[in-house]
**Q** 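Okay, handing you the structure first.
By convention in this document, chain letters (A, B, ...) are assigned in the order of the sequence lines, proteins followed by strands, and residues within each chain are numbered from 1.
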Protein chains: 2
Amino acid sequence: MPPDGRRVRGDRRRREILAATLRVVERDGVAGVSHRSVAREAGVPTTSTTYYYATLDDLLIATLTWSAEEMAASFREVPLTPAAVARFIADAAGEHRGRTLAEYELYLLAARRPELRAAARRWISLMAEVATGWDPVALRAVLAGLDGLLIQALIADFPPMAEDLEPVVSLLMLGG
Amino acid sequence: MPPDGRRVRGDRRRREILAATLRVVERDGVAGVSHRSVAREAGVPTTSTTYYYATLDDLLIATLTWSAEEMAASFREVPLTPAAVARFIADAAGEHRGRTLAEYELYLLAARRPELRAAARRWISLMAEVATGWDPVALRAVLAGLDGLLIQALIADFPPMAEDLEPVVSLLMLGG
DNA sequence: CAGAAAGTTGAACGTTTGTTCCACTACTCT
DNA sequence: AGAGTAGTGGAACAAACGTTCAACTTTCTG
């Protein structure tokens, strides 16, 4: 049987709404997300956002967990060398800034809502899986260091470049 | 001349409003802060919050920068030993959780509003001052590690204890 | 004691909010 | 062809919002 054309278009619109929500989060933060602001950003009527996501919270959480999943998947492709990790961090503050902002918006929501914590820690548990054989203490130090470099990169006056980050990443990874 | 009783009471109420705002931020995040929610929390009429802070943004920024200043001042008292720093982090996720949450809410606002960045990085520049003579790369690694430990402590299933944190802090500080 | 200054407060304004309803079109399946 | 399903979108609702206003009390100053 051929794919249902209605569902195909519906899924596309659902994804467009998610992407529009992420852009609103990047620009105005979680506080800027409303049915109307997202609908305006996506170029769809207000009611369509409530059609696909029953409540605003559903829409917001779907966007943030999707974004966190994207970030984790992207991180999985990074070789665990200082140069590659430094490049990942630099990109997270530049090209993929919205995704990184969304990650830490999710962190803050998860701090108050335990059910969101697994999603927020997605990239952490993923790296913990990859780094089998590492010393547990060293692993925790590296994970903390990367999280700190990422969030500090977001509030730097000038977006850090990979070359500047590399020695710091290198020192952090030395412990393993 | 004796102190003006009106101003004394006014300053007290201003501080109560700040403290109430911080409690709202702790419970519901920045999104939960409104003139009415803060006034309800503080037990004052709605108009008094607008009397002391012209706009809601003024109130929010005043609260977050005040809280960040408190956190920086508190950090300044910590001896730079692994045990003391680990204790500081454990308390930041427990006893002083609201203050820590406010710090990272400020981070996220600062990511989009450059004028807030100096306030957000207050504790970082303070530690950079204290750690004269450290290797710059090692300092950046430690600062990132501490930031990461703090924010990860907020989304841990169980608040980390100082004893668990100490070896990680110790390893991070070894680089200096 | 009079007047200025500081703070207090309820009522009200226009706007935006989340969400629901309902009439409607587009498409699939039997 | 006709029934059922998926998606569309304008209109409307009550609630909450930020902010302003004006009348009021308390306190200090000359």
**Q** Among residues 16-29 of chain A, which residues get a heavy atom nearer than 4.0 Å to DNA chain C?
**A** none

**Q** Starting from the C-alpha separation in whole Å, work towards a yes-or-no answer on salt bridge (charged side-chain N to carboxylate O under 4.0 Å, His left out) for A/Asp57 and A/Arg113.
**A** CA-CA 12 Å; A/Asp57 192 66; A/Arg113 297 165 59 176; 2.9 Å; yes

**Q** Who are the side chain to side chain contact (heavy atoms under 4.5 Å, CB included) partners of B/Ala111, not counting sequence neighbours?
**A** A/Arg97, A/Leu101, A/Leu154, A/Ile155

**Q** According to salt bridge (charged side-chain N to carboxylate O under 4.0 Å, His left out), does anything in residues 146-165 of chain A pair up with another residue at least two apart or in another chain? List the pairs.
**A** A/Asp157-B/Arg121

**Q** Does the side chain of B/Met127 reach to within under 4.5 Å of the side chain of B/Leu80, using non-hydrogen atoms?
**A** yes

**Q** Expected output is a numbered-order residue list: members of residues 7-15 of chain A with a heavy atom under 4.0 Å from any atom of DNA chain D. What is it?
**A** A/Arg7, A/Gly10, A/Arg13

**Q** Do A/Arg99 and A/Ser74 meet the criterion of a side-chain donor-acceptor pair at a distance under 3.5 Å?
**A** yes

**Q** What nitrogen or oxygen pairs link the protein and nucleotides 22-24 of chain C at under 3.5 Å?
**A**
none

**Q** Is a donor from one side chain sitting under 3.5 angstrom from an acceptor on the other, for A/Thr50 and A/Thr47?
**A** no

**Q** Who pairs with B/Arg27 by side-chain hydrogen bond (donor to acceptor under 3.5 Å, both in side chains), at least two apart in sequence or on another chain?
**A** B/Glu41

**Q** Rounding to an integer number of Å, can you tell me how far B/Arg6 CZ sits from D/dC28 C1'?
**A** 5 Å

**Q** Using ring pair (Phe, Tyr, Trp, His ring centres under 6.0 Å) as the criterion, list what pairs up with B/Tyr53, not counting sequence neighbours.
**A** none

**Q** In residues 36-59 of chain B, what residues come within less than 4.0 Å of DNA chain D, judged by heavy atoms?
**A** B/Arg36, B/Thr47, B/Thr50, B/Thr55, B/Leu56

**Q** Which residue pairs pass the salt bridge (charged side-chain N to carboxylate O under 4.0 Å, His left out) test with at least one member in residues 73-91 of chain A, sequence neighbours excluded?
**A** A/Arg87-A/Asp91

**Q** List in chain and number order the residues that pass ring pair (Phe, Tyr, Trp, His ring centres under 6.0 Å) with A/Trp123, two or more places apart in sequence or in another chain; answer none if no residue qualifies.
**A** A/Phe75

**Q** Holding to side chain to side chain contact (heavy atoms under 4.5 Å, CB included), I want the full list of residues that pass it with A/Ala68, two or more places apart in sequence or in another chain.
**A** A/Glu103, A/Leu106

**Q** Once you round it to whole Å, what is the distance between C1' of D/dG18 and CG of B/Leu60?
**A** 14 Å

**Q** Side-chain contact, heavy-atom cut-off 4.5 Å: B/Thr100 with B/Tyr104?
**A** yes

**Q** Can you name the residues that form a side chain to side chain contact (heavy atoms under 4.5 Å, CB included) with A/Ser48, not counting sequence neighbours?
**A** A/Arg13, A/Ile17, A/Val44, A/Pro45

